[in-house]
Amino acid sequence: MSKRPPLGAAAVWEAVMEPAGHKCQCSGGLCGSRHSETGLRCHNTSAHGRLLIAPADLTLSTVAAVAVPVEELRAWCSSCHAKARNRQLAAQRELERQQAEEPLSLF
C-alpha cells in the first residue's frame, strides 16, 4: 500500500501521519499487546495496510471524536484500534458499575 491520503480530509491525514511516521501509534499495551518484540510500539505501517485516524480516547461518540483537535489524533492499525476500543469501553463500563449507587434492598 502507498502513503496516499484518503480522498477526504487529506490535510488532517498528513498532519497525523507525518509525525507518526506512517506507523501505528499504539504503544505500551493500549490494545492489550505489549508489542514487546518491537520496542513497545506496534510494527504496522501504511505499507502493511490502511491506517486509521482516531483520538486516543476511543470511548468518545462519533460527534465528539470529530471535534477533537488534530494534535490529539493518533494513527491506528485496525487491529490495535479495535482491541484498544474494546478495552477502553470495558474499563469505562467497570468504572460506571463501581460508581453506581447500590440498589435498594428488597427485604
Side-chain angles (χ1 to χ4, degrees):
M1 291 232 150
S2 67
K3 295 181 180 180
R4 292 184 324 182
L7 293 176
V12 173
W13 175 264
E14 289 301 326
V16 174
M17 288 299 160
E18 286 302 319
H22 291 269
K23 187 175 180 181
C24 178
Q25 289 181 295
C26 183
S27 62
L30 294 173
C31 68
S33 171
R34 296 181 191 247
H35 301 297
S36 57
E37 297 159 0
T38 56
L40 302 179
R41 183 166 175 198
C42 180
H43 68 280
N44 288 325
T45 66
S46 56
H48 293 108
R50 179 68 74 185
L51 295 178
L52 309 170
I53 295 176
D57 181 1
L58 298 173
T59 62
L60 294 174
S61 69
T62 304
V63 173
V66 170
V68 172
V70 172
E71 300 81 31
E72 296 178 24
L73 295 174
R74 304 177 69 133
W76 296 90
C77 69
S78 59
S79 175
C80 288
H81 180 267
K83 291 174 186 174
R85 184 171 189 275
N86 289 340
R87 288 173 56 91
Q88 286 183 16
L89 287 172
Q92 182 183 35
R93 282 191 303 271
E94 178 61 21
L95 181 63
E96 289 170 357
R97 187 190 67 76
Q98 289 176 357
Q99 292 176 344
E101 292 185 22
E102 292 285 326
L104 297 173
S105 64
L106 296 174
F107 304 100

Original post:
Rounded to the nearest 0.5 Å, how far apart are SG of C24 and NE2 of H81?
Top reply: 10.0 Å
**OP:** Look up atom CZ in R87 and atom SG in C80, then write down how far apart they are to the nearest 0.5 Å.
**Re:** 11.0 Å
Original post:
Would you call L58 and W76 a side-chain contact if the rule is heavy atoms closer than 4.5 Å?
Top reply: yes
Original post:
Are the side chains of C26 and H35 in touch, meaning some heavy atoms are under 4.5 Å apart?
Top reply: yes
Original post:
Tell me, do L51 and M17 make a side-chain contact under 4.5 Å, heavy atoms counted?
Top reply: yes
Original post:
If you look at every heavy atom in A75 and V16, which pair is closest and at what distance?
Top reply: N-CG1, 3.8 Å
Original post:
Does T45 have any side chain to side chain donor-acceptor pair (under 3.5 Å) partners at least two apart in sequence or in another chain, and if so, which?
Top reply: H48
Original post:
When you measure from the side chain of R97 to the backbone N and O of Q92, does any donor-acceptor pair fall under 3.5 Å?
Top reply: no
Original post:
Can you tell me if R74 uses its side chain to pair, donor with acceptor, with the backbone of Q25 under 3.5 Å?
Top reply: yes
Subject >> E94 versus Q98, side-chain donor and acceptor atoms under 3.5 Å >> reply: yes
Original post:
At their closest point, which heavy atom of L60 faces which heavy atom of P55, and how far apart are they?
Top reply: CD1-CG, 4.0 Å
Subject >> Beyond-backbone contact of S27 with C42, side-chain heavy atoms, under 4.5 angstrom >> reply: no
**OP:** Write down the atom of V70, the atom of A15, and the distance for their closest heavy-atom approach.
**Re:** CG1-CB, 3.5 Å
Original post:
Got Q88 and D57 here, is their nearest side-chain heavy-atom distance under 4.5 Å?
Top reply: yes
Subject >> NE2 on H22 to CG on N44, rounded to 0.5 Å >> reply: 15.0 Å
Original post:
Taking everything shown except R34 itself, do over 12 heavy atoms lie less than 6.0 Å from its CZ?
Top reply: no
